[in-house]
2 protein chains.
Amino acid sequence: MKAGVSRQTVVRAMNDMPGISADTKAHVLRVARELRYRPSRFGRGLAKQDTLTVGLVVSDLTNAYFAELASEFIAVAGEVGWTVLVQEIERDKQHEKRVLSSFATQVDAIVGYLLIDDAELDDLVGDLPVVRFADLARGGHRPMIGIDYEPGMSAALDHLTHGGRRHILMVDVPTEAGPSPRAEVFRRLSAARGLATTIVELPDEHLPRTGAVMAFVAQALETHPETDAIVGFNDMIAVGALKQLVSAGVAVPERCAVLGIDGLLVGELVTPSLSTLEFDMRMAARMLFEAMLAALSDPHPAGGTGPVAIVTHTLTVRESTATA
Amino acid sequence: MKAGVSRQTVVRAMNDMPGISADTKAHVLRVARELRYRPSRFGRGLAKQDTLTVGLVVSDLTNAYFAELASEFIAVAGEVGWTVLVQEIERDKQHEKRVLSSFATQVDAIVGYLLIDDAELDDLVGDLPVVRFADLARGGHRPMIGIDYEPGMSAALDHLTHGGRRHILMVDVPTEAGPSPRAEVFRRLSAARGLATTIVELPDEHLPRTGAVMAFVAQALETHPETDAIVGFNDMIAVGALKQLVSAGVAVPERCAVLGIDGLLVGELVTPSLSTLEFDMRMAARMLFEAMLAALSDPHPAGGTGPVAIVTHTLTVRESTATA
DNA sequence: CTGAAAGCGCTAACAG
DNA sequence: CTGTTAGCGCTTTCAG
């Protein structure tokens with residue numbers, strides 16, 4: 001059409017389709033290049049009904065946990081030609097709603113770590129497939145990859161008690177609705193073991209700031225001086241606790257052990273190195289993606305779905321919980 | 001049309017446009033919801049010629065530096081309704097090319113940390129606007145946010161020499177083409193000061209592994225036992241060096257100082273805490289985004305552009321370079 | 001092997 | 001305030 005030559009033969013050339021002579025194809029390609037022609041994704045998307053864009057929701061990319069999730073998910077998705085839109089929701093439900101409703105017209109599916117519940121989700125995104133990455137306890141009719149803290153936490157408590165720890169303090173980051181699922185499992189399992197545990201709740205505002213976490217831990221330890229082990233809501237909290245103990249001259253792990261959750265790289269880097277509960281994020285990302293494909297091909301499985309897979313943690317023992 | 005009622009009045013309802021009675025609008029909206037109707041992004045994109053999707057290229061989200069860039073960039077872009085496609089290129093030029101040519105049909109602009117040069121870029125993406133985030137030294141006719149290491153490195157060297165350090169070792173991560181720009185600046189500035197510095201090159205393969213970095217540093221120190229300060233290519237390398245020194249019983253900072261580059265959070269968490277060169281990633285992300293908008297509105301500025309803004313580092317002194 | 005015609009779902013411009 | 005018409009750029013028939 002444009003360049004002296006052909007027409008919608010261009011399609012055949014651009015898309016590597018059969019039924020075109022090498023000559024014309026080469027010619028078309030060359031002209032296309034000269035013209036700096038780029039096919040429009042909209043025209044194509046409209047004509048071919050398939051498409052491959054997924055929205056990933058995480059709470060904060062700056063958190064290595066979510067960065068790793070994003071990295072692995074993008075990799076898995078990319079392998080089969082899917083493209084990933086990433087958004088952060090920064091623990092803010094309002095913002096999450098805006099993000100989701102914008103996703104509703106931009107992607108073919110949504111996955112990730114969502115705050116809102118299924119009912120609100122139905123409102124915002126209709127029957128767009130959504131797969132959550134969430135604590136197992138969370139209900140709902142949509143598919144999800146459930147995180148079961150029980151096996152890991154159980155192993156962790158065994159490890160701590162075998163090491164003679166009896167007064168365990170968990171520093172939780174509660175949700176709006178109360179203790180986090182991590183803390184719930186901790187409470188339940190330690191009660192079952194007859195342990196004298198305490199859960200303190202770190203206010204949200206302190207979250208990213210190590211200094212604030214340190215101060216908070218210092219204060220908690222004044223109230224609970226008998227503490228001989230601290231479990232952090234996650235590795236970053238645990239590292240804050242670790243720093244506080246070290247700087248207060250409390251011997252770790254001799255006088256007090258510290259355990260994190262998530263298995264972030266930072267745990268290897270601090271001194272003493274941090275024991276933690278970790279899991280295979282690559283596998284989790286793969287499961288998320290596969291659940292998404294499943295949801296896409298069968299949007300309304302009979303009787304809802306609930307968890308389609310469950311991930312658990314493995315205890316990695318490093319220096320911070322070593323036994324004397 | 002569909003639901004007993006209206007037609008393309010739907011448009012007016014869905015898009016909050018004027019010229020529609022509250023009644024009809026409410027009705028349309030309700031029916032749309034019942035029908036789980038979601039407008040197609042393709043139809044819309046085709047009809048309205050504007051659109052707002054940018055591709056962000058980073059080398060590795062797992063690297064906190066890039067995670068922060070992504071986080072900030074997504075935030076800035078989101079503020080004005082842009083949506084961000086994220087891709088990793090893992091230091092692999094082939095992969096980068098695939099990513100870029102796929103981006104060419106998916107986004108309206110590309111920004112980020114690219115390996116390939118402008119000529120190859122022209123080939124892959126035509127006149128799609130691209131803004132790099134790159135070392136100032138890098139040439140090219142496309143716009144970029146240039147990173148100038150000189151002011152920061154200069155401050156760092158002053159700080160180290162004032163602390164009496166004379167034998168500085170830099171652990172570089174070279175590019176295919178030789179020393180990194182960071183190392184080049186280091187070499188130039190330390191030569192100008194008459195310092196006895198050495199640059200050792202960490203093989204790529206070791207990159208993510210702290211243990212490997214530690215071993216490499218141990219070996220480098222055997223060859224250069226007089227070393228009294230180590231500058232890492234980035235914070236992660238510096239932390240590896242720090243760990244090696246500590247575990248080898250070398251007093252930090254008394255016997256040997258350690259300095260990182262990038263200003264990652266991890267620097268605050270290690271013991272002793274890491275001095276580093278940091279910069280304002282939020283501002284850098286904002287500049288990237290704005291340069292992108294500029295490139296979009298004027299794709300071919302007279303005479304190319306080169307750097308459209310320059311970012312520099314600030315020295316943050318923590319324990320690892322403290323003076324006795 | 002190449003060309004022509006129709007339509008994907010939406011919005012804009014213009015009537016009614 | 002609401003309906004009609006045309007066309008965005010591409011792919012898919014179906015003819016030549």
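In the text below, chain A, chain B and the rest are named by the order of the sequence lines, each starting its count at 1. What you are looking at is a predicted structure, and each value in this text was computed from that prediction instead of being measured.
- Take Glu290(A) and apply the side chain to side chain donor-acceptor pair (under 3.5 Å) test, not counting sequence neighbours, and it matches no residue.
- In this structure Asp127(B) satisfies the salt bridge (charged side-chain N to carboxylate O under 4.0 Å, His left out) test with no other residue, sequence neighbours excluded.
- For the side-chain contact (heavy atoms from CB on, under 4.5 Å) test, residues two or more places apart in sequence or in another chain that qualify with Val76(A) are Ala285(A), Arg286(A), Phe289(A).
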Check nucleotides 6-9 of chain D for protein N or O atoms closer than 3.5 Å to its own N or O atoms and list the pairs.
residue	atom	partner	partner atom	Å
dC8(D)	O2	Ala47(B)	N	3.4
dG9(D)	OP1	Gln49(B)	NE2	3.4
dG9(D)	N2	Gly43(A)	O	3.2

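- In terms of the side chain to side chain donor-acceptor pair (under 3.5 Å) criterion, Arg98(B) has no residue partners (sequence neighbours excluded).
- Partners of Phe279(B) by ring pair (Phe, Tyr, Trp, His ring centres under 6.0 Å), not counting sequence neighbours, listed by chain and number: His313(B).
- Bending across the helix from dC1(C)-dG16(D) to dG16(C)-dC1(D), expressed as the angle between its end axes from five pairs apiece, amounts to 30° (10° rounding).
- Under the salt bridge (charged side-chain N to carboxylate O under 4.0 Å, His left out) criterion, Asp117(A) pairs with no residue, sequence neighbours left out.
- With sequence neighbours excluded, no residue forms a side-chain contact (heavy atoms from CB on, under 4.5 Å) with Ala26(B).
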